[in-house]
Amino acid sequence: MKVRTRYAPSPTGYMHIGNLRTAIFEYLLAKKYDGAFILRIEDTDQQREVEGAIDFIYKTLELCGFKIDEGPNNDKGYGPYIQSERKDIYKKYAEELVEKGKAYYCFCTEEELNAMRERANARHKPFLYDGRCSRLTKEMVKEKLDSGASFVIRQKMPKTGTTIVDDIIYGKIKIDNSILDDQILLKSDGFPTYNFANVIDDHLMEITHVIRGKEYLDQTAKYNLLYEAFGWEKPIYAHVAMVLGEDGNKLSKRNGDASFMDLYNEGYLPAAIVNYLSLLGWSPATNQEVFTMDELIKNFDETRISKSSSQYDVKKLKWFNHQYIQKMSDEEYLNWIKKFFTRDVSGKSEEWVDKLLLIYKDHLDYGNEINDLTENFFIDKIALDDEAREFLESDPVTKDVTDCFKSEVEKITDWNTDNISAAINNVKTTLGVKGKLLYMPIRIKASGFMHGPELADTLYLIGKDTVIERLK
Ligand code: GLU
């Protein structure tokens, strides 16, 4: 059996990292078994659709390094892969279920349904459709259909017994049939509900493994009844617990939670994002954290997906991104970081700019950060923060150090890092100061920062005149 997984987003133009995490798991599972990763667009809720969203999904997945084996742009015979283009298919299967007595036409009006809802509310019971249309005779149904009455098609649930959902993560779950609603399969506009379309599509597209959010776990009893009604084999299910936001709440655009694109535009590398997200809710058998895509594929084990929700932690993401930045060659790094670097470099040589960017390679957590980190190379008057000021005031020798260094700098004729290092050394010998008391006053007064790249490199880039000016 060839493994086939699918990623089935709705085209909303926004992919939060929980969605992307599901895609990652589907992808890793497919590739681990040499299977196919399929993209299916679930656009039956047309109100949520956003123009260009499909291209956006392709772009996101491609940036993440996923090879999409099949999808709307590369049909391999299982298409269409966009649900709104499959309306006839759903209609045919819904009618087949009616034939089999497993579904029925429902002509209830909004008022009738509201009255049912109110009765359920008054009894503090969840609303379940009362099944009245399932009792219409064939003739009555035909008459209504002929008259052009608006209808939906509902699934006919067994009223007794239990249905089992078998899930690789949660095990066997028993659901009482009496709580299952005669859910709508086909809406009055002819579109299927997710609850119907997912079963039809997963079957017709020969999906072997379904990985999706845990919120679908209980619903899966209804899907299983559909598979059984058609006599189809069920896929293997893995329902995954949620990724919560940093505040512990559900991730959403409305909460302002960062989407993949937001992170990408901030200068997080897709490979780092994928690596980080793959470990949200899944753990490898070893302590390894940084994985190439190939290593992820090799190590991924769907049975090690966690039952509990995980929490997004931007600090940890920064850590991963930092590791990936370090892995780039200097050339790759320069090409990448220049997309984020927006400071006005007129009057500076390309060599100067490259050197500046390079000395921050070790210090960077994400791309956009480069502008803040390098601010003091571009402004005339630097402002010291409290910590820096306190340091300078903590010991009178700090002033001797900067005075002495200033006169050493004035003596330098050839401004290069060797001569700058030698000047620092001279201060050390002249004053007998070393360590923090030697380096920190120079760093603070010349660069404005307490921490940063190698001191001689920093001073070199600031330039001799500015260094002298700042030391005064
Ligand atoms: N369109 C559904 C969602 O975005 C997909 C769920 C599934 O994978 O079946 O939540």
Side-chain angles (χ1 to χ4, degrees), residues 3-30 35-50 53-54 56-58 60-61 66 68-72 78 80-87 90 165-170 183-185 187 191-227 232 234-244 250-254 257 259-261 277 281 302 305 309:
V3 166
R4 293 170 60 84
T5 67
R6 87 295 193 276
Y7 176 50
S10 302
T12 61
Y14 170 82
M15 193 183 294
H16 72 56
I17 53 169
N19 280 155
L20 181 57
R21 198 267 317 253
T22 306
I24 295 171
F25 287 176
E26 303 249 15
Y27 184 75
L28 297 179
L29 183 79
F37 175 68
I38 293 139
L39 174 64
R40 179 169 83 222
I41 303 298
E42 304 211 323
D43 62 343
T44 57
D45 185 359
Q46 300 254 306
Q47 271 143 31
R48 293 172 62 210
E49 182 153 3
V50 168
I54 296 177
F56 169 84
I57 293 167
Y58 264 96
T60 303
L61 297 178
F66 298 164
I68 301 167
D69 297 299
E70 286 174 38
Y78 291 86
Y81 295 81
I82 300 178
Q83 287 186 331
S84 59
E85 295 170 14
R86 300 171 62 81
K87 271 169 93 175
Y90 306 121
V165 174
D166 202 353
D167 182 273
I168 9 185
I169 296 155
Y170 290 93
Q183 65 176 351
I184 296 175
L185 302 177
K187 298 185 273 189
F191 277 100
T193 55
Y194 166 82
N195 293 331
F196 189 48
N198 89 84
V199 172
I200 304 300
D201 292 345
D202 285 341
H203 170 72
L204 294 178
M205 294 178 181
E206 296 180 21
I207 301 302
T208 56
H209 294 70
V210 168
I211 302 184
R212 67 181 160 215
K214 194 190 159 202
E215 64 273 24
Y216 293 100
L217 182 58
D218 288 346
Q219 304 289 327
T220 301
K222 300 179 189 174
Y223 313 151
N224 281 356
L225 288 165
L226 287 171
Y227 282 101
W232 293 341
K234 301 176 193 84
I236 294 168
Y237 296 114
H239 287 88
V240 293
M242 243 192 254
V243 178
L244 301 172
K250 209 173 145 183
L251 285 168
S252 79
K253 187 179 184 175
R254 219 175 314 140
D257 287 309
S259 68
F260 170 80
M261 272 303 163
L277 291 180
E302 61 281 15
I305 295 176
S309 44

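Because only heavy atoms are used, hydrogens play no part in the values below, and waters and symmetry mates are left out as well, while side chains stay in. Atoms within a ligand are numbered from 1 in the order they appear, just like the ligands themselves.
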N/O donor-acceptor pair under 3.5 Å between [X] side chain and [Y] backbone:
X: D69; Y: I38; value: no
X: R40; Y: Q83; value: no
X: S10; Y: T12; value: no

Counting non-hydrogen protein atoms only, what is the nearest one to atom 8 (O) of ligand 1? Give residue, atom name and distance.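 The answer is R6 NH1, 2.8 Å.
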
Measure the distance from atom 4 (O) of ligand 1 to every protein heavy atom, then report the residue, atom name and distance (to 0.1 Å) of the closest one.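 Its nearest protein heavy-atom neighbour is A8 O, 3.7 Å.
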
Residue portion contacting ligand 1 (non-hydrogen atoms closer than 4.0 Å) for Y194: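 Near ligand 1, Y194 shows its side chain, while the N, CA, C and O stay back.
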
Any idea how Y227 and W232 line up, ring-wise: parallel (<30°), tilted (30 to 60°), or perpendicular (>60°)?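 Answer is perpendicular, since the angle exceeds 60°.
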
When the ring planes of Y194 and Y223 are compared, do they come out parallel, tilted or perpendicular, using 30° and 60° as the limits?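 Y194 vs Y223 ring planes: perpendicular.
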
Provide the number and element of each atom of ligand 1 under 4.0 Å from a heavy atom of [X].
X: R212; result: 7 (C), 8 (O), 9 (O)
X: Y216; result: 2 (C), 3 (C), 6 (C), 10 (O)
X: E42; result: 1 (N), 2 (C), 5 (C)

Answer with yes or no whether S10 contacts ligand 1, where contact means a heavy atom under 4.0 Å from a ligand atom.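 It does, in that a heavy atom of S10 comes within the 4.0 Å cut-off of ligand 1.
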
Cation over ring face, R4 and Y78, 6.0 Å, 45°: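 Yes.
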
Are any of the N/O atoms on N19, whether in the backbone or the side chain, positioned under 3.5 angstrom from an N/O atom of ligand 1?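 There is no such contact.
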
